[in-house]
Amino acid sequence: MENRLIASSSPHIRADESVNKIMRDVVIALLPATLAGVYFFRMGAVKVILAAVIAAVLTEAAIQKICKKPVTINDWSAVVTGLLLAFNIPASAPWWIPVIGSIFAIAIVKQVFGGLGHNFMNPALAARAMLLASWPVQMTAWIKPGADAVSTATPLGMLKEGTTEAFPSLADLVIGNVGGCIGETSAILLIIGGIYLVYRGVITPRIPVIYIGTVAVLMMIFGGFDVNYMLTNVFAGGLMIGAIYMATDYASSPVTPKGQVIFALGCGILTAVIRKFGGYPEGVSYSILVMNVAAPLIDKYTSPRVFGEVK
Amino acid sequence: MSLLSFRGGVHPPHYKEATERCKVEKAKEPSRVVIPLQQHIGAPCEALVKPGDKVKVGQKIGEAKAFVCAPVHSSVSGEVKQVTKMLTPTGEAECVVIESDGLNELHESVKPKGDLENLSGKEILEIIKEAGIVGMGGATFPTHVKLSPPPDKKVDTIILNGAECEPYLTADHRLMLENPESIVFGLRAMMKVASVSKAYIGIEDNKPDAIESMKNAAKEYKEIEVVGLRTKYPQGAEKQLIYACTKREVPSGGLPMDAGVIVNNVATASAIGNAIKTGMPLIERICTITGKGIKEPKNLLIKVGTSIKEIIEQCGGYNGTPGKLILGGPMMGLSQYTDEIPSTKGTSGILVFTPEEARLPEPKACIRCGKCVEICPAFLQPLYISAYALNNMYDTAEKYRALDCIECGSCSFICPSKRPLLQSIRVAKREIIAKKRKSK
C-alpha cells in the first residue's frame with residue numbers, strides 16, 4: 001500500500017472556502033443594485049452592463065490564452081470587475097465606452113501587473129478614471145430615471161452648482177430614483193448587498209463603516225452642522241458603492257486591521273475634501289485610487305504587534 | 001459560564017461525533033511490539049537489553065542519559081528479538097522488538113510509590129522521570145524537564161490542557177469522563193513538584209460533560225479551577241491556552257515558564273497519577289482511531305509499540321482504499337506513508353482519510369483577502385512570510401517574525417486560494433534557524 005498513501009505536511013483539512021465562492025458572493029451582493037439600475041435606466045443600463053461584463057471576461061480569457069497561462073474566467077473575478085465598472089458608467093453611454101473600460105481594467109490594470117491579487121489599484125475604478133479623462137462628455141451625460149431618458153444633473157452636481165430647485169428628496173436619494181451612474185444610485189440596495197457580504201464573511205465592516213462615517217462627520221462640519229447636507233452627501237453619488245465594494249477590494253487595500261482603519265480614514269477624508277473643495281463634484285473614485293497607491297506603505301508600517309512581543 | 005479565549009483562530013468542523021460516545025476499550029494484546037528508543041524531541045535512549053533477553057511489563061529497556069530525554073519501558077512480557085533501526089512515526093530510530101509471551105508478567109519495580117502527602121516534590125519528580133512520562137498531547141516533550149524550570153524562572157501556575165481542539169480526536173475527552181480522579185491526582189503531584197498553589201484545567205465548551213466530570217473530581221481542591229474555554233482552534237496551543245486562562249502572554253521567543261506557567265496535557269497528568277499509585281511507567285495510552293477511512297471508529301487503550309496496522313485491523317480495518325494516514329489530529333498531525341510503524345507515547349490519534357479527502361487542493365494566486373492575518377493566533381501576516389519564503393527571501397521573512405509562528409495551520413486551513421502558507425513558513429523557519437546556527 002506504500003505508494004497509495006499521500007504524505008504531506010499539516011494541516012490536512014481545508015476550510016470550505018474558495019476564490020470562486022467569494023467572487024460569486026460579490027456578484028450576488030451586487031444583484032439587487034443591478035436590478036434596480038435596470039429598473040431605473042431601462043435598456044441603456046442593460047446594454048452597458050452586458051457590454052462591460054462580456055468584455056471583461058473575454059479580455060481575461062484572451063490575455064491568459066495569449067500568455068499561455070491557465071484561463072481562470074470561472075473564478076468570477078472578471079465578472080465582478082465588469083459589473084463594478086458598469087455601475088460607474090451612465091446608462092446613456094454608447095456601448096464602446098464600457099468595452100474600452102473593461103479591456104483597460106483587465107488588460108492593463110489587472111493582467112499587466114500579474115493578474116488576480118496583484119493589481120495595485122482597483123481595476124474598475126482605474127478604468128473609470130481613464131474613461132472620465134478621455135470621454136468626459138459621454139461619461140457625464142446623466143439621464144433621469146425612467147423610460148424617456150431626459151438629461152439631468154446628479155444630486156452632487158446640483159449641490160456643487162447650488163441649483164436646488166429640482167433637488168430630489170432624501171427618500172428618492174436612498175432608493176436611487178435620481179440621475180447618476182447605473183449602480184451608484186440606490187444606496188439602500190447597495191447597503192443590503194454589503195450586509196450580505198459581511199454576513200458571508202467576505203468583507204469586514206471595518207472599511208465601509210469607517211469610510212462612510214468619516215465622510216458623514218466631515219460633511220457635518222463642512223456643512224455647518226446641517227443634517228440634510230450631511231445625509232445628502234452620504235447617500236448621493238458613489239460613496240456606498242465605493243465604500244462597500246471598491247475600497248474593500250482585497251488586492252488594493254491593506255491586509256492588517258490597523259492598516260484598514262487608516263486606509264478607510266484616508267478615503268473618507270479625501271472624499272470629503274474633494275467634494276467640498278475640489279473641482280469635481282465626486283471624490284470617491286479618486287480618493288480610493290490615491291489610497292490604493294498608499295496601501296502597500298500603510299501595510300508596511302502597520303504590522304501587527306506579534307503575540308508576546310514587547311514594543 | 002463565561003468562556004475564556006484568545007484573539008484569532010478558526011472553526012474547523014469537529015468530526016468528533018464518531019467516537020465521542022465510545023467508551024475506551026482495551027486493545028487486543030499485541031503479539032509483538034516495536035518500541036522506539038526515541039519518542040520525543042531530545043536525545044535518544046540507550047538500550048538496556050539485547051536480543052535474547054527476557055523482559056517483563058514495566059521493565060526499563062532504554063535508559064535516558066541526556067537531560068532532555070525520558071526512559072522507555074517494555075509494554076509486554078516476553079523475549080527481546082532485535083534492537084535495530086526501524087521506521088517510526090518521526091523517521092528512522094533505534095527500536096527494541098519484543099515478542100510477547102502473552103503472560104503480562106509485571107516487573108518487580110512496578111509497585112505503589114506511596115501517598116502523595118508523604119512524598120517530597122523531589123521524589124515525585126524522580127518518579128515522573130523514571131516512569132518515562134512525556135507530554136501526551138503529541139509533542140512528547142519529557143515531563144520531568146518541563147517540571148524543572150531553572151531557579152530564576154518563578155513558576156506560580158500549572159495549566160492542564162483538556163481543550164482537545166484538534167478535530168476528530170476524543171481520547172482526552174474520554175479520559176476526562178472515565179478517569180477524572182487520576183487526572184486530578186496527577187495534577188496535585190505536579191503542583192507539589194513545582195510548588196505552585198494555583199492550577200487550571202482548561203476544557204473547550206463543546207465537551208460540557210467533561211467539564212462537569214472534572215469539576216466534580218476537583219471540587220475538594222480550591223486551588224484547582226476547571227475553566228470552560230470557547231471552542232475554537234487552536235485553543236489547546238500552549239501560548240493561547242495560557243492567555244485564555246491567565247491573560248498572560250508568553251514573551252516572543254520565550255517558553256511558558258517565562259510567563260510563570262507550566263502547561264501539561266490531561267493525559268500526562270493521568271499517567272503521573274498512575275505512576276505514583278501503581279508504579280506503572282508510561283507503557284500505554286488512549287488513542288482515537290477514526291476518520292471516513294476506518295470501518296469502526298474507536299477509542300482504544302493501546303500499548304506503546306503496537307503496530308498501527310494491527311490497531312487499525314481491530315477497528316474493522318480500512319473502509320475502502322485509504323488515502324491518507326495521519327498520526328494525531330488533522331491540523332497538526334503527521335501524515336505517514338505506511339501503516340507498518342509502531343505507535344508511540346504521543347500517538348493520540350490515528351486518522352484515516354479516503355482518497356477524495358486526501359487529495360491536495362490546487363493552490364491559486366493569493367488574492368490578499370487578509371483572512372490569514374485576521375485569524376493568526378500569533379498575530380503574524382502569513383501571506384507575506386509565505387511569499388518571502390517562496391522567493392527565498394528568508395531575511396525578510398524573519399523580519400516579518402516567521403519564528404513566532406506556532407505552526408497551528410490555521411492560515412493554510414482558512415486560505416480561500418488553498419495556498420500552502422504554513423508549509424512555506426516552515427521552510428522559512430528552518431532556513432532562518434539554520435543560518436543562525438551557522439553564524440554562531
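Sequence lines set the chain letters: A, B, ... in the order given, protein chains first and strands last, and positions in each chain run from 1. If you're wondering where the values come from, they're calculated on a predicted model, not measured in any experiment.
Between A:D249 and B:R368 there is no salt bridge, since no side-chain N of the basic residue sits under 4.0 Å from a carboxylate O of the acidic one. Taking the charged nitrogens against the carboxylate oxygens, B:E357 and A:R14 have no contact shorter than 4.0 Å, which rules out a salt bridge.
The candidate from A:D299, A:T72, A:I203, A:T256 with the greatest count of non-hydrogen atom pairs under 4.5 Å with chain B is A:D299. Between chain A and the residues B:G8, B:C376, B:P330, the largest count of heavy-atom pairs under 4.5 Å involves B:P330. Interface check for chain A: of the options B:C408, B:C369, B:C411, B:P377, the most heavy-atom pairs under 4.5 Å are formed by B:C369. The candidate with the highest count of non-hydrogen atom pairs below 4.5 Å against chain A, out of B:V352, B:L383, B:V373, B:I406, is B:V373. Ranked by heavy-atom pairs shorter than 4.5 Å toward chain A, the options B:A378, B:G370, B:A365 are led by B:A378. With respect to chain B, the highest number of heavy-atom pairs below 4.5 Å among A:G201, A:P70, A:A251 belongs to A:A251. Contacts with chain A were tallied for B:G323, B:P355, B:C366, B:A259; B:G323 has the most, counting heavy-atom pairs under 4.5 Å. The choice from A:D16, A:L116, A:T248, A:N119 that makes the most heavy-atom pairs within less than 4.5 Å of chain B is A:L116.
In this structure, OG on B:S417 lies 10.0 Å from OH on A:Y250, to the nearest 0.5 angstrom.
Between the side chain of A:H12 and the backbone N or O of B:G333 there is at least one donor-acceptor pair closer than 3.5 Å. Looking only at distances, no side-chain donor or acceptor of B:K239 sits under 3.5 Å from a matching main-chain atom of A:F307. Put simply, the side chain of A:E17 never gets that close to the backbone of B:P416: no donor and acceptor are under 3.5 Å apart.
Between B:K364 and A:N20 there is a side-chain heavy-atom pair separated by less than 4.5 Å. Side-chain atoms of A:I6 and B:S335, non-hydrogen and from C-beta on, never get closer than 4.5 Å to each other. At a threshold of 4.5 Å between non-hydrogen side-chain atoms, the residues B:K324 and A:S8 count as touching. Residues A:I13 and B:P12 form a side-chain contact, since some pair of their non-hydrogen atoms from C-beta on lies under 4.5 Å apart. Side-chain contact between B:M331 and A:S10 is absent, with no heavy atoms from C-beta onward closer than 4.5 Å. The shortest distance between side-chain heavy atoms of A:V202 and B:K371 does not fall below 4.5 Å. The shortest side-chain heavy-atom distance between A:L5 and B:D339 does not fall under the 4.5 Å cut-off.
Using a 4.5 Å cut-off between heavy atoms, B:F6 does not touch chain A at all. Only the side chain of B:L422 comes within contact range of chain A, with heavy atoms under 4.5 Å apart. Looking at A:P254, the atoms closer than 4.5 Å to chain B (heavy atoms on both sides) all sit in the backbone: N, CA, C or O. B:E374 touches chain A through its side chain: at least one heavy atom from C-beta onward sits under 4.5 Å away, while N, CA, C and O do not. Heavy atoms closer than 4.5 Å to chain A are found in both the backbone and the side chain of B:L325. Heavy atoms closer than 4.5 Å to chain A are found in the side chain of B:R426, but not in its backbone. There is no contact between B:L351 and chain A, counting heavy-atom distances below 4.5 Å.
The neighbour count for A:K65 NZ, taken as heavy atoms of other residues, nucleotides or ligands under 6.0 Å away, does not exceed 12. Annotation: A:K69, atom NZ; neighbour count of heavy atoms from other residues, nucleotides and ligands within 6.0 Å is above 12. Atom NZ of B:K418 sits in a crowded spot, with more than 12 heavy atoms from other residues, nucleotides or ligands closer than 6.0 Å.
Between A:P11 and B:F413, the closest heavy-atom pair is CG-N, 4.2 Å.
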B:Q381 and A:S303: CA distance, side-chain angles, deciding distance, side chain to side chain donor-acceptor pair (under 3.5 Å) verdict: CA-CA 8 Å; B:Q381 301 174 76; A:S303 284; 3.0 Å; yes

